[in-house]
Amino acid sequence: MSRSRTETIVRELQDVVDALGEPLRQSFQNMHGGYPEATLERFLRARDGDATKASKMIVDCLNWRVKNRIDNILAEPILPKEKFDAIRQTQLIGFCGFCKQGRPVFAIGVGNSTFDQASVDKYVQSHIQINEYRDRIILTEISTNKGRYVGTCLKILDMTSLSLSAISRLKTSTAIATIDDLNYPEKTDTYYIVNAPHVFSTCWKAVKPMLHERTKRKVQVLRGNGQEELLQVMDFETLPPFCKPGISSSNESDIFSPDHQFHVKLYNHIQQMALSTDRVLNGLSSEGSLNIEVPTSAEQSQHSDECEVVHGIGSVLPTLQASPNDSYQHQRDTLTSNIAGLQCTWTAFGAMLMANLPVSL
């Protein structure tokens, strides 16, 4: 699509937003952070340049934000603090710094996240708080400092300890990915997958042809800890600890720890926002004060980046069940069989999405 055509559609999308009620317009203002055109263009890219679908997506997103009080979520602390810490220790997300182009770099411990210390809605709430803090604080500050729009990030996915048991965590991972796809589209430039078992890398090659072209361009499965390739886009200091073998870290330097400066600043910001709205922190319930509606898979586009990555990882997991004591020929036969199964799974998955049917994996 030409640049002039894109600009024309973005103006049309702005007209749609301007015609909405005040709560939705205010939510859009909170969301775009001073860059409305760039924000609308993200939604347009997420729907492959289709103006009608992009218009529906942005309106649905704004309705979701208002209905679920997303604009105030940074004033909704997860209490008690021990609950927040438990979530941080089992939903491994960390902020590493910035790449050479100024984009934030986030690390995600896919293999070691257990999601077993709180309800799904608390993990969803925590994830959205990180999204909102990233968009409204981190990206706003870096855009101001650079004098240009910086609206995306990089994600490094650590597959250390990834096993078949991760299938039980797909419900939470899929809920988070669905929210990201429908309400925070085109926020990730590249997903770097590191520390993946060899069998994972092999089977990912079978999954990759079934991904949307946009997703394929974004996902890179790197060798080992990926340090060599990552140093081309970020400095050594920005690399997460799992990409620096032999270097130990304290709680303060462990990016996943609740004691890391990013999580401390995030928690303090949420507390301050709550107090500024006259919330009595000691009176807030640790559970149930905020229930966020998770869109169904039927509401997804059939080409949703984050969900494609999550389902891709999930479909590869069965390949990890081979015992290390199996013979080479048995492992090879198992791998061949699983790859064939992956292709069938992804063909069915794509067909169901295109038919707008709910998908449960």
For this session: Enumerate the residue pairs fulfilling side chain to side chain donor-acceptor pair (under 3.5 Å) with a member in residues 31-46, sequence neighbours excluded, ordered by first and then second residue.
Result: R3-E41

Problem set entry | Pairs touching residues 219-229 that satisfy side chain to side chain donor-acceptor pair (under 3.5 Å), sequence neighbours left out | R223-E229

Counting only N and O atoms by type, is there a donor-acceptor contact under 3.5 Å from the side chain of [X] to the main-chain atoms of [Y]?
X	Y	answer
K100	L231	yes
K155	T190	no
K67	L62	no
S113	L92	yes
R25	L20	yes
H127	A177	no
S161	N112	no
W64	I292	no
D158	V110	no
N68	I70	no

Exercise. Are L154 and Y149 joined in one hydrophobic group, where the rule is that I, L, V, M, F, W and Y side chains link up if heavy atoms are under 4.5 Å apart?
Worked result: no

For this session: Give the cluster check for V264 versus I93: same hydrophobic cluster or not, with ILVMFWY residues linked at side-chain heavy-atom distances below 4.5 Å.
Result: no

Problem set entry | Stepwise side chain to side chain donor-acceptor pair (under 3.5 Å) check, Q14 with D18 | CA-CA 6 Å; Q14 183 65 64; D18 291 341; 2.9 Å; yes

So how far is it from [X] [atom1] to [Y] [atom2], rounded to the nearest 0.5 Å?
X	Y	atom1	atom2	value
L182	C61	CG	SG	8.5 Å
L157	I108	CG	CD1	5.0 Å
K146	E141	NZ	CD	13.5 Å
D71	R136	CG	CZ	5.5 Å
S257	H260	OG	NE2	8.5 Å
M273	E132	CE	CD	11.0 Å

Is [X] atom [atom1] crowded by more than 12 heavy atoms from other residues, nucleotides or ligands, each under 6.0 Å away?
X	atom1	answer
K56	NZ	no
K81	NZ	yes
K265	NZ	no

Taking the side chain as C-beta and beyond, is there a heavy-atom pair between [X] and [Y] under 4.5 Å?
X	Y	answer
Q91	S126	yes
L222	I193	no
R11	T8	yes
V194	C243	yes
Y184	D135	yes
M31	I58	yes
K208	V219	no
F262	I138	yes

Minimum heavy-atom separation for [X] to [Y], with atom names?
X	Y	value
I142	G102	CG1-O, 3.5 Å
T152	P104	O-CD, 3.3 Å
A46	R214	O-NH2, 3.8 Å
A274	A75	CB-O, 3.5 Å
L74	Q129	CD2-O, 3.6 Å

Problem set entry | side chain to side chain donor-acceptor pair (under 3.5 Å) evaluation trace for T215 with Y191 | CA-CA 9 Å; T215 306; Y191 301 87; over 6 Å; no

Problem set entry | Audit row: E76, Q125, side-chain contact (heavy atoms from CB on, under 4.5 Å) steps and yes/no | CA-CA 9 Å; E76 296 279 357; Q125 177 182 347; 3.9 Å; yes

Problem set entry | Stepwise side-chain contact (heavy atoms from CB on, under 4.5 Å) test for K122 and I87 | CA-CA 8 Å; K122 290 294 115 178; I87 290 174; 3.9 Å; yes

Exercise. Between S27 and R65, is a side chain to side chain donor-acceptor pair (under 3.5 Å) present by the stated rule, with each step listed?
Worked result: CA-CA 7 Å; S27 187; R65 290 181 66 88; 3.0 Å; yes

For this session: Could you please spell out the steps behind the side-chain contact (heavy atoms from CB on, under 4.5 Å) verdict for Y192 and L230?
Result: CA-CA 8 Å; Y192 296 103; L230 290 173; 3.6 Å; yes

For this session: Look at the aromatic rings of Y267 and F84 and report parallel, tilted or perpendicular, splitting at 30° and 60°.
Result: tilted

For this session: Just say parallel, tilted or perpendicular for the rings of F106 and F95, cut-offs at 30° and 60°.
Result: tilted

Problem set entry | K244 to F236, cation-pi by 6.0 Å centre distance and 45° axis angle | yes

Problem set entry | Lys/Arg-Asp/Glu bridge criterion (N-O < 4.0 Å) met for R47, E186 | no

